[in-house]
Amino acid sequence: MENENWFWISEYTFPVWCVFFVVSLAVFIFGLYVFLFKKNNKNRIEIAALSEFIAYWLLYIPFQFCREFDGSHFLLHSAHSVVIAFLQTFTKYLGDGYDAIYYEGRPIFTLVYSGLYACVNILMLLFMAGFIIKFIDGPVRRFKLLTGKNKHLYLFSEYNYKTESIAKTVPDKKNCNIVFAGSEEELSEEEKRKIDQLGATVIYDELNSIIKKYKSYASGIEVFLFNKKEAENLTLLGSIAEGMAGTDVPSEIYVEIIKTPCDVYNDYLENYDDSTNSLDTKTVINFVRVEETYVYNDLLHNSIFNNFEVNESGEKEIKILIVGVNDRNIEFFKAVLFLSQMPGYKPTIVVIDNKDRPEYINTIIPELKAESNVKGDAIYKYVYCGGIALDSLKFEELIKNNLDFTFAYINAGNDLMNINAALKLNSICRRNNRDNGYKIQVSVSDAAICAQWDKKMLDSIKPTGEISEVYSYSFVAMSDIESLSKQIHIVRQAEKIAGVKAKAAAAQEEAQKALEKYESIKNQKKVKEKDLEAAKSEAEAAAEKAKKAQEKADKAKETPWQDYYNNEYNRHSVYARTLSFRHKVRLILEQGLKPSVSGEIDPWLIYEHMRWDMYTRTLGYVRADEQLTEELKELTKQIKNASDEEEVRKLKKQRQLVRSRAKVHEDLVLFEELPPDVRKQDGLKLTDEIVEAFEKVPLE
């Protein structure tokens, strides 16, 4: 038998230890790198844990070999040491103490080697623990849902690309619970992994059951019904009514609809409350028309007024190109139509369609004209160009004939088709010596397509409409527009109350004057009985009028935002007005005007009516015929004369039903033809607070 210290003093020992040290160090660093910098790797924790396990094992092999080797059976002992070191690594992981490693005669090397050994040991334990935590993470999260009170709950009806995108952008993710309902059979392993990466939980149960079980544990609930099929969203909405009934926490339900007309849901929440006997419910239902929502958010932050040409009359001409006819482009067309009704501007809108169907848009907007140039009604020019393929010479010729455009929106096909059309449009402009004065927006759902492209090539071109943008929380909830709408609503409600009180004060003053007149006539020595009776009747009528006006003033109260907002017609109409106000504020300030515009008949007042008029037509409404006009006017008269609040509510509901069933509105007339009290509704009251809020919203 050789000396038992044979290998310790061998000339090969130290180099072998150094090799094991270097390899172990490399494996150690690799595991640490994967854990810290490869956070998108689905097996990051497992790779890190395995790397540290291998590093620990490699570090232990030479020590295990040397401390027991007597110089005989080298190969057999080597294999034995590798296996024993592997088993020892497992035992150390299970908590079986800690072995100190030493190298005889080399204290500094021992210190460095054992230091690495200790670090690897610590990280191996941590990563292994992380692997186990990850394994049991799902049950732990479900337990936290029941025990973690006062956390906001975001609940999604199923997992798909839309709900995943929204879940990534919910606010305050650290202090909330994100839950996906679903069936275990329907979710793939890849989808489960992505849900796990979101820090979300999957509960394999029906949506209604989940709501009932967890609603009392949340500080607030937001439910997103964004299934792949629209009909499923509407079916689910009906099924969760019971689960949401009696919810004493603020709750929002977002329901995606695409083809469903919003008019059928104008009073949905009221009927929902009646059906669940929950008139005091704190639930708000939002029907999300995604394409409209996207367009409104886009135009809130992007101006169509930045570029223009001043004509001989001093008008600022803007020319909008819309390339493609589909759901999103039609919503863009609608928004541009009403948004462009602005003092001093004259819009031309050119629609380019690869199909030839000039009547199609008119079926959506029946009263759309080729041209309207009537102040008080609408000002625009509309040009339809059908049968124009993007890859045809016709398209190039059309662009050459419309080189004076100021804003273009391209969304006619897939991402590459759209971006190529945008590049072609831009190149034609450059070839014709036009390098500014216009902006091009191009729809690109996958931003990665042009993420690596030369930015100079995309000069004047803005990719927009990425999935993560369209299906983001702020877009779906319309956070920016809603917050601004609330502030405008508060101002208008305060004005409404002040107006009612002012009318009551004026009526009291008139009554006092009538009374003084009657007393004066009565005290005259020679007075005709006829004159006295007339003065008395006038005083009594004025007193009765003042009494009713005062009763109205005493009962007057502001309509809460939630009550107003839960009518679908009101909500979308308010959003459209807010979008317009955002650009009006900018133009008012640019012209050096005061933020508060008077309620007198001025251009801003008239153009606000034109904006509303054009918006209402884009919803498919038309002017009411004589019979319907009289019916609606009679209902309006009854509303004014009604003193009971419940009666007013019923009459307003009846009037709206007449309008929405026939798709007519009696106020779709010239501004000068409106009743005086209706004209005032178009007033542009902008307080300093509202102006400041608008200015905080970024605008390109």
Side-chain angles (χ1 to χ4, degrees), residues 295 298-299 302-325 329-330 332-354 358 361 368-375 378-412 418-443 457-464 583 586-587 590 607 610 614 699-700:
V295 168
D298 178 35
L299 291 174
N302 293 277
S303 177
I304 62 173
F305 302 103
N306 283 347
N307 301 304
F308 52 82
E309 295 287 338
V310 180
N311 63 21
E312 294 178 354
S313 303
E315 296 170 313
K316 298 174 183 176
E317 293 190 344
I318 56 175
K319 190 170 186 178
I320 315 295
L321 289 184
I322 300 177
V323 182
V325 174
N329 289 30
I330 287 174
F332 192 88
F333 176 68
K334 289 179 180 180
V336 169
L337 266 176
F338 71 73
L339 190 59
S340 59
Q341 303 303 307
M342 198 77 72
Y345 285 85
K346 189 173 183 179
T348 297
I349 306 171
V350 179
V351 175
I352 302 173
D353 190 2
N354 66 332
I361 295 179
L368 181 65
K369 302 175 183 177
E371 186 170 6
S372 176
N373 196 25
V374 181
K375 188 176 178 180
I379 295 175
Y380 66 87
K381 184 178 180 181
Y382 161 58
V383 180
Y384 174 83
C385 304
I388 310 293
L390 297 186
D391 55 356
S392 68
L393 288 175
K394 280 186 178 181
F395 178 69
E396 293 196 23
E397 289 299 321
L398 183 62
I399 296 304
K400 290 176 183 177
N401 293 331
N402 290 275
L403 274 178
D404 56 342
F405 76 92
T406 57
F407 191 103
Y409 182 77
I410 300 175
N411 177 35
N418 291 338
I419 199 72
N420 279 319
L423 290 169
K424 180 182 290 186
L425 177 59
N426 201 30
S427 67
I428 294 173
C429 289
R430 300 305 171 106
R431 288 201 300 269
N432 287 271
N433 300 317
R434 190 175 185 211
D435 57 1
N436 55 37
Y438 64 90
K439 183 175 183 178
I440 301 172
Q441 274 197 352
V442 55
S443 180
M457 285 295 295
L458 296 176
D459 187 33
S460 299
I461 299 174
K462 181 184 178 182
T464 183
H583 295 281
R586 184 186 189 188
L587 296 175
E590 284 178 352
Y607 274 82
M610 292 164 63
M614 200 66 248
L699 178 63
E700 293 185 14

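Taking CG of D404 as the reference point, atom SG of C429 lies at 10.0 Å (rounded to 0.5 Å). L587 CG to S303 OG: the interatomic distance, rounded to the nearest 0.5 Å, is 7.0 Å. Residue I330 holds its CD1 atom at 13.5 Å from CZ of F332, rounded to the nearest 0.5 Å. Atom CD of E396 is separated from atom OG of S427 by 7.5 Å, given to the nearest 0.5 angstrom. We find the CD-CD1 distance between Q441 and I304 to be 11.0 Å, quoted to the nearest 0.5 Å. Of the inter-residue distances, the one linking M342 atom CE with I318 atom CD1 reads 8.5 Å to the nearest 0.5 angstrom.
For the pair F333 and I322, the tightest heavy-atom approach, listed with the atom from each and the gap, is CA-CD1, 3.6 Å. Scanning all heavy atoms of the two residues, the minimum distance from N418 to A412 falls at OD1-N, 2.8 Å. The shortest heavy-atom contact between N426 and M457 is ND2-O, 4.3 Å. Residues N329 and G324 approach most closely at ND2-O, 2.8 Å, considering heavy atoms. Residues F395 and A421 come closest through the heavy atom pair CE2-O, 4.4 Å. In terms of heavy-atom proximity, I461 sits nearest to A422 at CD1-O, 3.7 Å.
Side-chain atoms of F305 and R586, non-hydrogen and from C-beta on, never get closer than 4.5 Å to each other. Residues I379 and M610 meet the side-chain proximity criterion, which asks for heavy atoms closer than 4.5 Å. E315 has its side chain out of reach of F308: every pair of non-hydrogen atoms, C-beta onward, lies at least 4.5 Å apart. Residues I320 and P347 fail the side-chain proximity criterion, which asks for heavy atoms closer than 4.5 Å. Put simply, the side chain of F405 reaches to within 4.5 Å of the side chain of R434, judged on heavy atoms. Taking 4.5 Å as the limit, some side-chain heavy atom of I399 sits within range of a side-chain heavy atom of L321.
Side-chain contact, N402 with K319: a donor N or O sits under 3.5 Å from an acceptor N or O.
The main-chain N or O of R430 is never found under 3.5 Å from a side-chain atom of D435 such that the two would form a donor-acceptor pair. S372 places a side-chain N or O within 3.5 Å of a backbone atom of A378 that can act as its donor or acceptor partner.
At most 12 non-hydrogen atoms from other residues, nucleotides or ligands lie less than 6.0 angstrom from NZ of K394.
Annotation: ring-ring contact (aromatic ring centres under 6.0 Å, His included) contacts of Y607 (sequence neighbours excluded): none. Residues forming a side-chain contact (heavy atoms from CB on, under 4.5 Å) with N307 (at least two apart in sequence, or on another chain): T406, K439.
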Quiz item: Would F407 and V336 count as a side-chain contact (heavy atoms from CB on, under 4.5 Å) if you check the C-alpha gap in whole Å, the side-chain angles of each, and the deciding distance to 0.1 Å?
Solution: CA-CA 11 Å; F407 191 103; V336 169; over 6 Å; no
Quiz prompt | Check against side-chain contact (heavy atoms from CB on, under 4.5 Å), Y409 and T464 | solution = CA-CA 10 Å; Y409 182 77; T464 183; 4.2 Å; yes
Quiz item: Are L390 and V323 close enough, and set up right, to give a side-chain contact (heavy atoms from CB on, under 4.5 Å), and what steps lead you there?
Solution: CA-CA 9 Å; L390 297 186; V323 182; 3.4 Å; yes
